[in-house]
A.B. asks: 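Handing you this structure, nothing more for now.
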There are 2 protein chains.
Amino acid sequence: MATIKEVSQLAKVSVATVSRVLNGRVPVTEAKRESVLAAVAQLGYQPNVFARSLATNRSGGIGVIVNELSSPYYSGVIQGIESVVEAQGMHLLVSSGHAGRHLEAQAVEFLRQRRPDALIVQLEATSDADLIAWSGHGLPTVVLGRYIDALADRCIHLDNLKGGYLATRHLIDRGHRCIAHIAGKPALKDARDRLAGYRRALHDAGISYDEALVVEGDFMEEGGQAGMQRLLARDLGFTSVFAANDQSAAGALLAIRAHGLRVPDDISLIGYDDVLLARYLFPALTTVRQPFVEMGQAAAMLALSALSAGDSKEVRRQFDPVLIERTSVAALQS
Amino acid sequence: MATIKEVSQLAKVSVATVSRVLNGRVPVTEAKRESVLAAVAQLGYQPNVFARSLATNRSGGIGVIVNELSSPYYSGVIQGIESVVEAQGMHLLVSSGHAGRHLEAQAVEFLRQRRPDALIVQLEATSDADLIAWSGHGLPTVVLGRYIDALADRCIHLDNLKGGYLATRHLIDRGHRCIAHIAGKPALKDARDRLAGYRRALHDAGISYDEALVVEGDFMEEGGQAGMQRLLARDLGFTSVFAANDQSAAGALLAIRAHGLRVPDDISLIGYDDVLLARYLFPALTTVRQPFVEMGQAAAMLALSALSAGDSKEVRRQFDPVLIERTSVAALQS
DNA sequence: TTGTAGGCGTTATCAG
DNA sequence: CTGATAACGCCTACAA
């Protein structure tokens, strides 16, 4: 691998000059510039990133931590991040947190050691306080999927309350009055917000909130299925269900079917997220979309803007959920 | 950020000694070792990876390129890779190739500049020849999802012919004799192999191959749907279909349903891959599983073994497809 | 077993 | 505008 020194010799200039033409900024005589470029081409020279990083104290890397690399939620986000990070000539260092508080801290530590120029984290088990502490520690950090007051300008998130409202409202608009809810883990803000949206929509429509109609799920198929079973067992006569995410909805669908009921004929079902499988469920799931890829892009732009003070903060931080109508919700004949 | 020199001063030893206790191998007096460790702890010292890389010419990173980061196929693979790479204290540099020949080459170049210690590539558009050329270029490269003779010991792949055989055979075992096939893009070896497996199973069962029963798909929902429509239009009386991957199967399912037929009552359907959505389809899709995560792990182990000559080559390179029975295939009453 | 010192490839400072 | 040269932080002969 050729070094800058070899280039400088071949081009008959100093290494400083080579560095200059390669890194732009400073003016260099046209003749020398060309001679350098020629030498670079001839040698196939590529700067050694380690040496450069050592000298500049910049790695050119953006660290990313998500709960689960293989989850349909986060992979969309990563894709969004990658597209903008790479377009800037920077690269991605990824690591997963596996939704464990300890593991998440470990992942952060792990990436921090690699000295990325910025960090983008989508953490589940970590507390707001820890997040605040970490991001104060020198490394520009953007928080994905969570809103923290103290870090307001570094948070990319979606208004889950609005999303919950949207979903519930859609059901109400279709004539439903008795609406059940399969919530997510109450420890998660997302889950609580969606529930809050559900309650508000109910309230706004003059429907009183009935605790018996909401069960706790876990954002996974099993929880959705179990929750639905409990709901069904209570025999409350609900005509529709809002599941806190698509995966719970898929589980709920199974339970409904096992109970001998049909969607949407007997029970209408609405999910949340709009991951790939929502389209494939039968009936295709009406749901509330989270723009994962766009949020990933925004996160990356925010991270990048923290580096080059140039980019002003015109990055969108708050995203809106949008209703995607498919066929799992039926209008109730009144 | 503390440097090794500061540690050495605090511990009252030379930097060399600090380096030694931190990097193992060489013997160091217990007293000094402890004093160094204490100093490290006190200062919260963390070696500067750039300086280290510059000196050792090793980055500690493994580069990974897949077609699409957000695809359910590749994200499983990445997860597998990550788990073993990180367990070795190394990190992951990811980039996507977006299935374009030019883009793939670009991604490789991009990662190569970051000087990972090894590369794991899952490429679609790139030719075998290019792959061979690249991997000869100094950087240990493992090829995922493709078998290339010249790179035999660096390829992790699944026997797709066997998989195609398995799927078709399952249908035959259930009494089906007239079996259609929605193939993948013929440009892809995976697709051709699955088709070959289909043909061989037919042949072994004494069923003659009928060209009219196979249509070209594209490994995506649209292709599966369109292909199924064409098949249905030909009115050939087939009782079952083998789709080259789950996504095509999902599309086919839509078309079958739109045609007023039911799965598996009227037509049995089998997919390939066993991605998440297979379980959620209705009816749940019988399919052939590719162990993505395990393959990713194997790829990582192979990459790692190329670095530390220690690990012998006991890494599994060839994986077997396994049939996952769900409910989209019915036995044919004869 | 330990310390000294040179080198890894760049960038950046500072004279010319 | 250009060229020396000193960092950058660590590893590793080599010598002691």
Side-chain angles (χ1 to χ4, degrees), chain A residues 1-37 39-40 43-61 89-91 112-117 138 307-308, chain B residues 1-40 43-61 89-90 112-117 138 307-308:
Chain A
M1 199 94 279
T3 73
I4 197 175
K5 185 184 287 183
E6 304 181 56
V7 173
S8 74
Q9 287 164 351
L10 183 59
K12 299 190 190 311
V13 299
S14 71
V15 294
T17 299
V18 175
S19 178
R20 290 190 187 103
V21 355
L22 259 27
N23 294 309
R25 300 295 129 254
V26 207
V28 177
T29 318
E30 193 53 28
K32 301 212 173 197
R33 142 171 275 105
E34 279 172 18
S35 133
V36 166
L37 260 18
V40 165
L43 264 31
Y45 167 75
Q46 303 224 311
N48 179 311
V49 292
F50 307 134
R52 172 178 296 186
S53 292
L54 184 57
T56 59
N57 200 31
R58 271 191 164 234
S59 71
M90 301 184 72
H91 62 267
R112 172 164 267 157
Q113 269 168 222
R114 267 77 193 168
R115 315 210 181 194
D117 294 335
L307 301 181
S308 53
Chain B
M1 200 93 280
T3 74
I4 197 175
K5 184 185 285 184
E6 304 181 57
V7 174
S8 75
Q9 287 164 349
L10 183 59
K12 299 189 190 311
V13 298
S14 71
V15 294
T17 300
V18 175
S19 176
R20 290 188 188 104
V21 354
L22 259 27
N23 295 309
R25 298 301 128 249
V26 206
V28 177
T29 317
E30 192 51 28
K32 301 213 172 196
R33 139 171 277 105
E34 278 172 17
S35 132
V36 167
L37 259 18
V40 165
L43 263 31
Y45 168 73
Q46 302 223 312
N48 179 312
V49 292
F50 307 134
R52 189 202 295 260
S53 292
L54 185 56
T56 60
N57 201 32
R58 272 193 163 232
S59 71
M90 300 184 72
R112 172 163 268 155
Q113 268 167 220
R114 267 77 193 170
R115 315 209 183 197
D117 294 335
L307 301 181
S308 54

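If you're wondering where the values come from, they're calculated on a predicted model, not measured in any experiment. What's counted below: heavy atoms across the whole structure, side chains too, no hydrogens, waters or symmetry copies. Chain identifiers are assigned alphabetically (A, B, ...) following the order of the sequence lines, protein sequences preceding nucleic acid strands; residue numbering begins at 1 within each chain.
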A.B. asks: Send over the distance from A:N48 CG to C:dC8 C1', rounded to a whole Å.
C.D. replies: 8 Å
A.B. asks: Could you state the CD-P distance from B:Q46 to D:dC10, rounded to the nearest angstrom?
C.D. replies: 11 Å
A.B. asks: Run the numbers on B:R52 and B:N23 for side chain to side chain contact (heavy atoms under 4.5 Å, CB included), then give the verdict.
C.D. replies: CA-CA 11 Å; B:R52 189 202 295 260; B:N23 295 309; 3.1 Å; yes
A.B. asks: Would you say the side chain of B:R33 lies within less than 4.5 Å of the side chain of B:L37, judging by non-hydrogen atoms?
C.D. replies: yes
A.B. asks: Looking for any heavy atom pair under 4.0 Å, which part of the strands does B:V28 touch: base, sugar-phosphate only, or nothing?
C.D. replies: sugar-phosphate
A.B. asks: Quick check on D:dT2: is either OP1 or OP2 less than 4.0 Å from any side-chain nitrogen or oxygen of A:T29?
C.D. replies: yes
A.B. asks: Would you say a side-chain N or O of B:S19 is under 4.0 Å from OP1 or OP2 of D:dC11?
C.D. replies: yes
A.B. asks: Could you state the CG-P distance from B:N57 to C:dG9, rounded to the nearest angstrom?
C.D. replies: 8 Å
A.B. asks: What distance do B:R114 atom CZ and B:S53 atom OG have between them, rounded to the nearest 0.5 Å?
C.D. replies: 14.0 Å
A.B. asks: Starting at atom CG of A:N23, determine the distance to atom C1' of C:dG9, rounded to an integer number of angstrom.
C.D. replies: 13 Å
A.B. asks: Of the listed nucleotides (D:dG9, C:dT11, D:dT12), which one gets closest to any side-chain atom of B:A55?
C.D. replies: D:dG9
A.B. asks: Between atom NZ in B:K5 and atom C1' in D:dA7, what is the gap in whole Å?
C.D. replies: 10 Å
A.B. asks: Please round to the nearest 0.5 Å and tell me the distance separating atom CG of B:N48 and atom CE of B:M1.
C.D. replies: 9.5 Å
A.B. asks: So which one's nearest nucleotide on DNA chain C is more toward 5', B:T17 or B:L54?
C.D. replies: B:T17
A.B. asks: On DNA chain C, does the nearest nucleotide to B:K32 precede the nearest nucleotide to A:A16 from the 5' side, or the other way round? Give the residue.
C.D. replies: B:K32
A.B. asks: Distance check needed: D:dG9 P versus B:Q9 CD, whole Å only.
C.D. replies: 13 Å
A.B. asks: Measure the distance from CZ on B:F50 to C1' on D:dA7 and round it to the nearest whole Å.
C.D. replies: 16 Å
A.B. asks: May I ask you to verify if any side-chain N or O of B:S14 is less than 4.0 angstrom from the OP1 or OP2 atom of C:dT4?
C.D. replies: no
A.B. asks: Whether B:R52 contacts D:dC11 is assessed here as follows: a side-chain N or O lying under 4.0 Å from the phosphate OP1 or OP2. Is that the case?
C.D. replies: yes
A.B. asks: Would you give the length of the straight line joining atom OG1 of B:T17 to atom NZ of B:K12, rounded to the nearest 0.5 angstrom?
C.D. replies: 14.0 Å
A.B. asks: Between B:I4 (CD1) and D:dC8 (C1'), how many Å, whole number?
C.D. replies: 14 Å
